[in-house]
Engineer: 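For reference, the structure I am asking about is given below.
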Amino acid sequence: MHSRILAKSGSTLGRPAAWLTHFYACCIVLLASGCSQKLTPPIPAAHPEEETPRRGGILELASSGDIRSLDPATIGDGIAPQIIHQIFAGLLDYDDKGTLRGDLAEKWEVLDEGLRYRFTLKQGVRFHDGGELTANDVKRSMERALSPKTPNPSRSFYAMIAGMAELEKGPTANLEGVQVVGTHVLDIRLTSKDATFLPVMALESIRPVCKSAGANYRADFVPCGTGPFRFVAWERGQRVVLRRNEAYFHPGQPYLDGVHFNFATSYVAQRLKFEEGKQDLLREFLQPDLLRFQHDPAWIPFGEFEAAKQMAGEGMNVEMAPFDNIEVRRAVASAINREQYALVKPSVMRALDGPIPHGVSGYDPALQCQKYDLAAARDHMRKAGFAYDEQTGKGGYPKTIAYYTYAQALPEFTAQLLQQQLAQIGIRIELRMTSYAAWLALSHRRNTAPLSYQGWSMDYSDPNDFLEPIFHSNAINDEDSNNSSFYRNPQFDGLIDAAHGELNPAARKGLYDRALRLLCDDAPWAFTYSVRFYNLRQPYVRGYHSHPMWTYELTRTWLDRSSSNESSRSALFAPARVLPRESFR
Amino acid sequence: MNNGPRDVAKTAFLSRILRGILTVWAVVTLTFVTFNVLPSDPARLVAGPQARPEDVARIRVEIGANLPPVARYARFLGRLIHLGPKADASEREGHRDCTMLGRLHLDLGRSYTQRRAVLTVLAERLPRTAMLAAMALLFQVLFGVLSGVFAARYAGSLLERVIVRGSLLGVSVPTFLIGLGLQYVFAHRLHWFPLDGFGQTASEHVLSTVLPALTLGIYGFAYYTRLTRDEVGRELLADYIRTARAKGASEARVLWVHALRNAVLPLVTLVGLDLAALLGGAVVTETLFRFPGLGLLSSTALFDRDAPILLGTVLVASLTVTIATLATDLLVRVADPRTK
């Protein structure tokens, strides 16, 4: 149809009707491009000189994705935790520096050389329905979340708790390792020492739920916890409405009257709403918009990066040729120019030479893992028996290798870069672009994908989360193998197992350093980049900073809007510009 | 035994219904087969890309994805329409996701991701999509027929060229671009309508539907314009029009009563098919406007490999197309005696 139009309009250029067609087309193109040409100035705070938080206002947030459940026990998507964190408080939490601290727990003690933990709860903490939080509620909530009948995708994080195996077998519903010692005192026994225990105790999955939720999982669960905001409504596919928990156990907080989480909002719509003051924080951007915001002097003070909590790499299946040859894997790891990768989307990507992203506990810039060195890469190819002559283009690995990735995301672009970079050492790859679901299945299936895009995001802030689930031989399966490169090294496994049970931080770091060196040299992945989100706030959003662990930490956020810019939020026919440009220059 | 034209018509009609049912079955079965041929694991998508294998395995059992495809297909068909306990025993195990008409139960299963009965989810979404479809169709037909009639009446004039070129642009410009343009002008700049979403009150629902309906309407409007222009233009050259004019009928009567009435039959067919297509959900438009209808639901279900939801939306779409085709055929038979 389009080619026909072009052909026809070309032959009739100059006639009024043809001119009209061009005019209409130009109007639409200009209209569309006009959406992202110029940035609207920020809406200023009403009282920028004041530092004392004011109470009131609804914070509007948006995401392009949607949620599936608001039950902490069944989190299966990346957005629900942002809301669940507001409704449910945990025994432990992270402070602004990313250090573990008690939240519902006033304190915790490590007993029996790390085999037993005693948590003492704060007294007087109330659920949103008015009931008082006791140790029984913590035990009931954990049993509910960890029951084999509950479709909990992170149940195995808690396998170290004594009694989990019996709970799995049934028929008991009692998690024997969690013992109520007093009204506000709880002991948790472990089967073995485990350094990941405290980090996973801070996760949302096992946070206490109201007594009304009962002891068993139900699909019609009504969210009710002890967090800073209480649940009001969930309009499916649209938004979740939260209101301030007036009885929150941190006195005076939160300052906001409520929060609205809007779903399925396109990037364009988010930007337009943000400009109008109908959305208060912006976290998802079209790339040109992000660059403009990051370079506009008026907006620079209101943007900041979140910690990088995701990493990516090129996974090599060590059971398939040619990656069953360690020299070929080393060659790939050396041939990748990570700085070039980061240029694909420099506003959010950072070159990364190891498995632990920049924002995760355990990242050590001093530990150089994999290094770009083209000469070394060619040397590794020669040692593997695939010498390549870059002058003639002859030699290298004789077959074309299938590379699996998925479309419509960063990996689609980095795949092309990989193809070019590996061609320089005589490895020719064929890009197999699939849907996300198909990539997930194929690239994690045994003997299927020799080379594939791989990535991992932080579950909990600990180096273990980026090593054990993806590189330990325990994570190998024929289907759905989290260890997608099918890497198996008993020495590496031993170091990871030892570090898992090591509670001394210095000794643990030593074990991880050794494991990392092994991994970098064995190169089951060529690590490439980490990803960090950029957070932009309106100037009237005060007290908000990105958090090292949580996407949104809102207990100390407050709104400082003037009545004039408040009115723009709901008025259907309100003017687009709330304040003249001159008012803040 | 055949007793006359009435029985022939009845047999033909019954045969059409039977073929319609077969078509729906074939579409749903094809969807099921395609879904199972695709290399993907619904349990992995429910659990999340980083869930540990033992957790994925448990969820696979919970959603029934551990069963072989044939067993899943048999279960789907077996419970689609079945007999069960009466409504007062609705909580009885095994019938929680059923919609009941006495002892007759309808059950499309439970969504993998939402963990709710598919029929409940469809019942939420269908009325919204129906509202969007009705408004879009109204816009298409009303403005399409009006501009088509004018284009036919003023054939060869600048007005006709503007209308025809405009309609050509309407069918050529991608829907998302039309939607973006409307969002930018009428929501962002003029603030006449909400940018996206569905609102909370009835009036907000209506206002939220206008721009998505216009987006769909502009595309369809162009087709109606061109079709009406051709049909009315042809009728205006017919002998009976000359006779009507000779008998002193006004130009308006000639155009709107004589010519349009006879040109309307192809439009009726198109309206029926369009309505059915729109009821199946408009993926791009609903996604762009965050309109919580069937289109957005089916695209999310496809991405999440939520088979029960996907089969439910496909069933609704194929049923509406089949019913609309039947209804259109009946309507045409009533309107045009020559087709009887």
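Order of the sequence lines sets the chain letters (A, B, ...), proteins ahead of strands, with each chain counted from 1.
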Engineer: Should A/E276 and A/T40 be marked as a side-chain contact (heavy atoms from CB on, under 4.5 Å) after you check the CA-CA gap, both sets of side-chain angles, and the distance that decides it?
Structural biologist: CA-CA 8 Å; A/E276 292 176 27; A/T40 306; over 6 Å; no
Engineer: So which part of A/T434 gets closer than 4.5 Å to some heavy atom of chain B, the side chain, the backbone, both or neither?
Structural biologist: neither
Engineer: Where on A/D220 is there a heavy atom nearer than 4.5 Å to chain B: the side chain, the backbone, both, or neither?
Structural biologist: neither
Engineer: Give, as side chain, backbone, both or neither, the part of A/W439 having an atom under 4.5 angstrom from any heavy atom of chain B.
Structural biologist: neither
Engineer: Looking at A/D77, A/I67, A/N152, which makes the most heavy-atom pairs under 4.5 Å with chain B?
Structural biologist: A/N152
Engineer: Between B/I309 and B/V118, which heavy-atom pair has the shortest distance, and what is it?
Structural biologist: N-CG2, 4.1 Å
Engineer: Name the option with the most non-hydrogen atom pairs under 4.5 Å to chain A; the candidates are B/L297, B/I63, B/L296, B/T113.
Structural biologist: B/T113
Engineer: Looking at A/S69, A/S205, A/S154, which hits side chain to side chain donor-acceptor pair (under 3.5 Å) with A/T74?
Structural biologist: A/S69
Engineer: Please flag which part of B/R290 lies under 4.5 Å from any non-hydrogen atom of chain A: side chain, backbone, both or neither.
Structural biologist: both
Engineer: Hey, which of B/D304, B/L288, B/T287 has the most heavy atom pairs under 4.5 Å with chain A?
Structural biologist: B/D304
Engineer: Given the options B/R125, B/R110, B/E124, B/R116, which has more heavy-atom pairs under 4.5 Å with chain A than any of the others?
Structural biologist: B/R116
Engineer: With chain B, which of A/Y436, A/F263, A/W456 has the greatest number of heavy-atom pairs at distances under 4.5 Å?
Structural biologist: A/W456
Engineer: Let's test your reading of the structure: which of A/P469, A/S266, A/A475 forms the most heavy-atom pairs below 4.5 Å with chain B?
Structural biologist: A/P469
Engineer: So that I can tick it off, tell me whether B/D55 and A/R155 are bridged by a salt bridge, with the cut-off set at under 4.0 angstrom between side-chain N and carboxylate O.
Structural biologist: no
Engineer: Please look at A/T448 and chain B and tell me whether the side chain, the backbone, both or neither of the residue comes under 4.5 angstrom of a heavy atom of that chain.
Structural biologist: neither
Engineer: Using non-hydrogen atoms only, which part of B/Q50 is less than 4.5 Å away from chain A: side chain, backbone, both, or neither?
Structural biologist: both
Engineer: Under a 4.5 Å cutoff for heavy-atom pairs, which residue among A/I470, A/D66, A/T265 has the most contacts with chain B?
Structural biologist: A/T265
Engineer: Given heavy-atom pairs under 4.5 angstrom as the criterion, report whether the side chain, backbone, both or neither of B/L195 touches chain A.
Structural biologist: side chain
Engineer: Let me know if A/E235 has heavy atoms under 4.5 Å from chain B in its side chain, its backbone, both or neither.
Structural biologist: side chain
Engineer: For chain B, which candidate among A/A441, A/A437, A/G455, A/G237 shows the most heavy-atom pairs at distances under 4.5 Å?
Structural biologist: A/A437
Engineer: Chain A heavy atoms under 4.5 Å from B/R58: which part of the residue, side chain, backbone, both or neither?
Structural biologist: side chain
Engineer: Minimum heavy-atom separation for B/I59 and A/P151, please, with both atom names.
Structural biologist: CD1-O, 4.0 Å
Engineer: Counting only heavy atoms closer than 4.5 Å, note whether B/T300 contacts chain A via side chain, backbone, both or neither.
Structural biologist: neither
Engineer: What is the minimum heavy-atom distance between A/Q270 and A/S64, and which atoms define it?
Structural biologist: NE2-N, 3.5 Å
Engineer: Does A/R445 reach the side chain of A/Y404, with side-chain heavy atoms less than 4.5 Å apart?
Structural biologist: no
Engineer: Start with the C-alpha distance between B/T285 and B/F291, add both sets of side-chain angles, then the distance that settles side-chain contact (heavy atoms from CB on, under 4.5 Å), and finish with yes or no.
Structural biologist: CA-CA 8 Å; B/T285 305; B/F291 191 88; over 6 Å; no
Engineer: Can you measure from CZ (B/R229) to OG1 (B/T225) and round to the nearest 0.5 angstrom?
Structural biologist: 9.5 Å
Engineer: With only heavy atoms counted, which part of A/E468 is less than 4.5 Å from chain B, the side chain, the backbone, both or neither?
Structural biologist: neither
Engineer: For B/R60 and A/E479, what are the C-alpha separation, side-chain angles and deciding distance, and is it a side-chain contact (heavy atoms from CB on, under 4.5 Å)?
Structural biologist: CA-CA 13 Å; B/R60 191 174 295 119; A/E479 294 281 342; 5.8 Å; no
Engineer: Taking all non-hydrogen atoms of both residues into account, name the closest pair between B/E54 and A/S156 and its distance.
Structural biologist: OE2-CB, 3.3 Å
Engineer: Applying side-chain contact (heavy atoms from CB on, under 4.5 Å), run through B/R305 and B/L38 and close with a yes or a no.
Structural biologist: CA-CA 10 Å; B/R305 298 291 190 265; B/L38 288 175; 4.1 Å; yes
Engineer: Which of parallel (below 30°), tilted (30 to 60°) and perpendicular (above 60°) describes A/Y453 and A/Y406?
Structural biologist: perpendicular
Engineer: Under 4.5 Å, counting heavy-atom pairs only, tell me which of A/P148, A/S457, A/A233, A/G65 racks up the most with chain B.
Structural biologist: A/S457
Engineer: Return the option, out of B/Q114, B/R44, B/R52, with the maximum number of heavy-atom pairs under 4.5 Å with chain A.
Structural biologist: B/R52
